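One structure is given below, encoded as structure tokens.
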There are 2 protein chains.
Amino acid sequence: MSDEAPEGRPLRADAQSNHDRLLTVAAQAFARDGAAASLRAIAQEAGVGIGTLYRRFPSRESLVEAVYRNEVAGLCRAADELIGEAAPLDALSAWMERFVDFMHAKHGMKDTLRGVLTSEDDRLRTRALLCDALATLMDAGIREGLVSSGPDPYDVLMTLGGITLIAEDRARALRMTDLLLNGLRARTPPLDSLVVVDGRDG
Amino acid sequence: MSDEAPEGRPLRADAQSNHDRLLTVAAQAFARDGAAASLRAIAQEAGVGIGTLYRRFPSRESLVEAVYRNEVAGLCRAADELIGEAAPLDALSAWMERFVDFMHAKHGMKDTLRGVLTSEDDRLRTRALLCDALATLMDAGIREGLVSSGPDPYDVLMTLGGITLIAEDRARALRMTDLLLNGLRARTPPLDSLVVVDGRDG
DNA sequence: CGTATTAGCGGAGCGTGCTCCGCTTACATG
DNA sequence: CATGTAAGCGGAGCACGCTCCGCTAATACG
């Protein structure tokens with residue numbers, strides 16, 4: 001938990017220790033109580049004042065993001081592995097499933113996670129990380145002509161995020177993901193290389 | 001504002017009057033302050049206690065839903081009109097655009113609107129209304145072979161809802177909607193009625 | 001009209017998120 | 001080691017959402 005190294009000059013020793021303790025306690029609290037965990041209680045359990053918590057993590061999102069940063073990073077790394085293991089569309093599908101499962105596991109943190117995905121705050125690098133991972137997966141599909149080159153990966157990520165935000169159960173989320181995936185597929189073969197032989201009315 | 005007629009025995013006269021006043025005041029408050037409008041303030045301005053507000057509208061969603069019920073009903077009615085006016089896919093696209101605009105206008109009410117869309121509460125008929133409207137639009141497309149018959153309209157509505165929840169700006173929401181629409185399209189024309197005449201490599 | 005019943009009322013009260021600012025103390029410097 | 005200073009601390013305080021329950025008065029009925 002000491003792997004946090006904020007930019008700028010290093011934190012004062014006591015501040016760093018408080019920071020680390022907050023993260024540890026917050027991780028436990030979120031796991032135990034869900035996103036509804038009281039920030040006041042977290043601060044108290046970590047032995048700091050509520051003011052200290054808010055100075056270090058100005059928004060609930062920033063705390064959540066810090067707690068789950070490693071997990072998200074793992075999700076992003078998985079994209080590269082999947083590309084090596086499966087056909088592009090399968091890799092894309094599998095990654096989206098992992099994304100859904102990750103978000104689903106954070107049950108009750110939906111409002112917070114929306115903040116993570118949409119915040120303008122540059123310090124929240126998570127969004128950019130996810131976006132890169134998805135772009136990599138899409139590119140692999142585009143190179144093989146299986147995925148349309150039109151859609152912006154960011155839009156796709158947001159749609160995926162929207163799905164996980166609103167879907168109550170995993171099964172529905174996966175069906176919705178399929179819908180999205182279908183929308184991503186390139187229309188093959190190209191229309192102008194085709195002709196109708198047995199048209200039964202248009 | 002007196003068009004509210006809850007099921008069961010009619011409200012006592014004073015209760016009905018309070019109910020109506022709450023709706024009027026809430027509509028103004030939401031328009032003025034967004035979803036963040038203080039329910040306490042609304043109750044006070046309507047001249048009732050906070051307890052009364054919560055008894056009549058147990059959740060924030062239920063109040064929001066009541067305030068916007070008419071608007072949503074109009075949106076649903078528009079589906080039928082659009083079917084008469086435009087080709088199925090265009091009608092579907094146009095309706096989705098109206099949906100996006102409606103939600104966008106309710107800026108800041110995203111958490112609340114998610115509740116309206118996902119709540120299990122049967123008294124919130126809004127979701128069913130929207131679902132029916134969307135199903136009608138999809139059916140029109142299915143009959144002409146333009147829309148895939150696979151996807152459940154509810155899933156589609158949820159995806160649309162997810163898009164409007166997470167998209168910050170209208171343009172992005174519309175691009176995401178296009179993605180969804182693309183996922184809904186039937187693969188036309190049927191593959192087994194086609195033959196490649198001028199394939200330039202797959 | 002008089003009365004009983006019960007639908008309806010309203011605010012005290014608890015726990016929440018978040019801000020603000022006077023106090024404390026770790027660290028650089030001599 | 002002594003000291004100045006600014007980085008850091010922490011909780012009082014405010015407004016909020018929501019619940020609970022004793023009080024009030026509208027209505028049904030004789």
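Atom set for the values below is all heavy atoms of this structure, side chains included, hydrogens, waters and symmetry mates excluded. For clarity, every value in this text was computed on a predicted model and none was experimentally measured. Chain letters run A, B, ... following the sequence lines, proteins first and then strands; every chain starts at 1.
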List the protein contact pattern of nucleotides 23-30 of chain D with one symbol per nucleotide (5' to 3'): B for base contact, S for sugar-phosphate-only contact, - for none; contact means a heavy-atom distance under 4.0 Å.
---SS---
Salt bridge between [X] and [Y], side-chain N to carboxylate O under 4.0 Å?
| X | Y | result |
| --- | --- | --- |
| B:Arg172 | B:Asp169 | yes |
| A:Arg114 | B:Glu168 | no |
| B:Arg170 | B:Glu97 | yes |
| B:Arg40 | B:Glu45 | no |

Which word best sums up how the rings of A:Phe102 and A:Tyr68 line up, parallel for under 30°, tilted for 30 to 60°, or perpendicular for over 60°?
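Plane angle over 60°, so perpendicular.
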May I have the distance from [X] (atom [atom1]) to [N] (atom [atom2]), rounded to whole angstrom?
| X | N | atom1 | atom2 | answer |
| --- | --- | --- | --- | --- |
| A:Arg56 | C:dC18 | CZ | P | 17 Å |
| B:Leu53 | D:dT19 | CG | C1' | 13 Å |
| B:Asn18 | C:dG10 | CG | C1' | 11 Å |
| B:Phe57 | C:dG8 | CZ | P | 13 Å |
| B:Ile50 | D:dC20 | CD1 | C1' | 14 Å |
| B:Leu39 | D:dT19 | CG | C1' | 14 Å |
| A:Gln16 | C:dC27 | CD | P | 12 Å |
| A:Arg40 | D:dG13 | CZ | C1' | 10 Å |

Please figure out whether B:Tyr54 or B:Gly51 has its closest DNA chain D nucleotide nearer the 5' end.
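Whichever sits nearer the 5' end wins; that is B:Tyr54.
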Would you say D:dG17 has OP1 or OP2 under 4.0 Å from some side-chain N or O of B:Ser38?
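Yes, because at least one side-chain N or O of B:Ser38 sits under 4.0 Å from OP1 or OP2 of D:dG17.
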Kindly indicate whether the side chain of B:Thr126, heavy atoms from C-beta on, has any atom under 4.5 Å from the side chain of B:Glu61.
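Side-chain contact under 4.5 Å: no.
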A:Leu184 and A:Pro151, any side-chain heavy atoms less than 4.5 Å apart
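Yes. Closest side-chain heavy atoms under 4.5 Å.
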Measure distances between side-chain N and O atoms of A:Arg60 and base N and O atoms of C:dG17, and say whether any donor-acceptor pair falls under 3.5 Å.
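Answer no: no donor N or O sits under 3.5 Å from an acceptor.
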Start at the 5' end of DNA chain C and walk down; is the nucleotide closest to B:Val48 or to A:Arg55 reached first?
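Mapping each residue to its closest nucleotide by heavy atoms, the 5'-most match is B:Val48.
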For A:Ala41, answer base if it contacts any base atom (sugar-phosphate contacts may also be present), sugar-phosphate if it contacts only those atoms, and nothing otherwise; contact means non-hydrogen atoms under 4.0 Å.
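The answer is nothing, as A:Ala41 stays clear of every strand by at least 4.0 Å.
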